[in-house]
Number of protein chains: 2
Amino acid sequence: MHLARGSIVAATSVLTRPRKQSRDATLQKADTLLAAAAALIAEKGFEATAIRDVGRRLEVSLGGMYYYFASKDDLLFQIQHRTFTALLAEQERVAEQPGSAEDRLHRLLVGHLAFFARHPNEMKICTFELESLKGDFYDRVLVVRRRYFRLVADVIADLTGRRERKPRGHDRHVTLFVFGMLNWAFMWYQTSKDGPVEAVAAEMLELIVNGAAPRKRR
Amino acid sequence: MHLARGSIVAATSVLTRPRKQSRDATLQKADTLLAAAAALIAEKGFEATAIRDVGRRLEVSLGGMYYYFASKDDLLFQIQHRTFTALLAEQERVAEQPGSAEDRLHRLLVGHLAFFARHPNEMKICTFELESLKGDFYDRVLVVRRRYFRLVADVIADLTGRRERKPRGHDRHVTLFVFGMLNWAFMWYQTSKDGPVEAVAAEMLELIVNGAAPRKRR
DNA sequence: TTGTAATTCGAACGATCGTTCGAAATCACG
DNA sequence: CGTGATTTCGAACGATCGTTCGAATTACAA
């Protein structure tokens, strides 16, 4: 039911179809299919991934896939919208806890990297395949992304102390720099090589707050 | 001639075929086709772009395209390899000029963003479609990318003063953070909104060197 | 102008893809 | 058990794509 905010196109899927009693196993299977699709799309790209192959990996026929998803575009939308909504919800809870601007930014960095470490396929898709979304799908994902941007931008505004009403100049750029660092992580981050996300987040926070140059005096 | 280091597959193209006398107009036309292809691929993605459409934009028949390029993969390789080689050459010249670590990093940031502003389509493709390259194509582009990474990493090692032989720990992460900021720029940078690249580079340098928090004392 | 190499074209092939559809199978429940 | 809704399947359609190939056309040197 809380999954019901799915596709808006005319075609139906098990996620959008009204039902007297949505069986739990069905929604669970939809989740499994979405995860398998995310793994394939993250590996080969959205356009290069065939719905046939997603089904094959879980032994679901091609026709069966269309019982769970209205279209291939709907599949991509579900992945991105669910992922970013979940990330936003987690981070909103993290941000509202008390602490200095530096503390809250630190927790947000850890939260983002930890979420990425838990859902690497989905997060990679959110970064690489945003522009593969069309029309309303694109718009609806953008709404969530913008709320997440504001969340981080507000904390960074506290940190710099400039306190622009809506970050348009300097603070906006710093926020975009931070998102650049975060989103580029999936190009290189490996737990075995780079340590736990907490360590990476600490390094990132140090750079954002104090920079990388050695202290001049004292 | 200097373009001759193209495809390595068995199939031939005008860029790789040996010729007694490569006519200048032909190589120039190949450049035009590559630029048109880059515009389309940057807009719709590599898999979603049809060679037919690239030709259509410049009124070249489908068969004609295969006179200039050995395959669709070769087309993508040419774009990425030429672009990154050109960027590396420019930045090597920038880096070897004298100055403090901060000065040289500043010039590298300006150089990168300026190159990006001059070739947004090609740079976007280098970021988004790296993993669309297959086999040898992927490897050969990676060689150039690694040289560029080292170039920036060395300057950053000077900046932090840690002087690790090969950046594996802290300096490596700082370098990856910097590349994240740079490569994320095409998601938001617009001259009209964000000012000239020199201004953005200055903000980026300030963050990298001193951080974003207000100076505690003095 | 003649001959040779370079360039362009158009048609065709095989493969793959997204989507549809109706029948079959399965499940929940009286 | 029986009945209706839910789920699964397999085949098929139309469209698009990368690639090949040989003929036709153009450009350049002798």
Side-chain angles (χ1 to χ4, degrees), chain A residues 4 7 9-33 37 40-41 44-78 132-134 137, chain B residues 1 3-4 7 9-33 37 40-41 44-78 132-134 137:
Chain A
S7 151
V9 294
T12 61
S13 75
V14 76
L15 294 176
T16 66
R17 223 187 323 271
R19 50 179 56 214
K20 338 228 162 143
Q21 180 175 335
S22 46
R23 299 206 287 127
D24 198 50
T26 304
L27 298 180
Q28 207 165 325
K29 183 160 185 179
D31 278 345
T32 307
L33 288 176
L40 269 178
I41 294 175
K44 315 187 357 176
F46 175 66
E47 291 281 349
T49 300
I51 289 191
R52 286 167 165 82
D53 297 333
V54 178
R56 189 144 31 213
R57 179 168 286 202
L58 274 78
E59 308 202 53
V60 173
S61 73
L62 175 61
M65 290 294 297
Y66 278 83
Y67 178 76
Y68 287 92
F69 307 103
S71 66
K72 195 187 178 188
D73 288 332
D74 181 47
L75 189 68
L76 181 63
F77 168 76
Q78 297 288 345
S132 298
L133 293 170
K134 292 146 197 164
F137 287 150
Chain B
M1 309 272 247
L3 294 178
S7 149
V9 294
T12 62
S13 78
V14 76
L15 293 177
T16 66
R17 220 188 326 271
R19 52 177 58 216
K20 337 229 162 141
Q21 180 175 334
S22 46
R23 299 210 284 124
D24 198 50
T26 304
L27 299 180
Q28 207 165 326
K29 184 161 185 180
D31 278 345
T32 308
L33 288 176
L40 269 178
I41 295 175
K44 317 188 355 178
F46 175 66
E47 290 283 350
T49 300
I51 289 192
R52 285 168 166 80
D53 297 334
V54 178
R56 188 143 31 214
R57 179 168 287 202
L58 275 75
E59 309 202 55
V60 172
S61 74
L62 174 60
M65 291 294 296
Y66 278 84
Y67 178 76
Y68 287 92
F69 307 104
S71 67
K72 196 187 178 189
D73 289 332
D74 180 47
L75 189 68
L76 181 64
F77 168 76
Q78 297 289 345
S132 298
L133 293 170
K134 293 146 195 164
F137 287 151

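In what follows, every chain begins at residue 1, and chains take the letters A, B, ... in the order their sequences are listed. For the numbers below, each heavy atom of this structure counts, side chains included, while hydrogens, waters and symmetry mates do not.
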Spacing of B/L75 atom CG relative to D/dC17 atom P, expressed in whole Å
15 Å
What distance do B/F46 atom CZ and B/K72 atom NZ have between them, rounded to the nearest 0.5 Å?
4.5 Å
Whole angstrom is fine here: how far is it from NZ in A/K134 over to C1' in C/dG18?
10 Å
Excluding sequence neighbours, so at least two apart, what forms side chain to side chain donor-acceptor pair (under 3.5 Å) with A/T49?
none
Tell me which residues in residues 47-58 of chain B put a heavy atom below 4.0 Å from DNA chain C, sorted by number, or none.
B/R52
Separation of C/dG18 atom P from A/F46 atom CZ, nearest Å, is 8 Å
Who pairs with B/L75 by side-chain contact (heavy atoms from CB on, under 4.5 Å), at least two apart in sequence or on another chain?
B/L34, B/A37, B/F69
Tell me, please, which residues at least two apart from A/K44 pass side chain to side chain donor-acceptor pair (under 3.5 Å).
none
Assess whether side-chain contact (heavy atoms from CB on, under 4.5 Å) is satisfied between B/Y66 and B/D74, documenting all intermediate values.
CA-CA 10 Å; B/Y66 278 84; B/D74 180 47; over 6 Å; no
Exercise: identify the closest heavy-atom pair between A/T26 and A/Y68
O-CE2, 3.6 Å
Would you tabulate the nitrogen or oxygen pairs shorter than 3.5 Å linking the protein to nucleotides 8-11 of chain C?
from: C/dT8; atom 1: OP1; to: B/K29; atom 2: NZ; distance (Å): 2.7
from: C/dT8; atom 1: OP2; to: B/Y68; atom 2: OH; distance (Å): 2.6
from: C/dC9; atom 1: OP2; to: B/S61; atom 2: N; distance (Å): 3.1

Please table the atom pairs, donor to acceptor, closer than 3.5 Å between any side-chain atom in residues 51-63 of chain A and protein atoms at least two apart or in another chain.
from: A/D53; atom 1: OD1; to: A/R56; atom 2: NH2; distance (Å): 2.7
from: A/S61; atom 1: OG; to: A/G64; atom 2: N; distance (Å): 3.1

Non-hydrogen atoms of A/E47 and B/E47 that approach each other most closely:
CB-CB, 3.5 Å
Whole-Å distance separating the OH atom of A/Y66 from the P atom of C/dC21:
13 Å
Length of the line joining A/Q28:CD and D/dT7:P, which is rounded to integer Å
13 Å
Atom NZ of A/K72 to atom P of C/dT16: distance rounded to whole Å?
15 Å
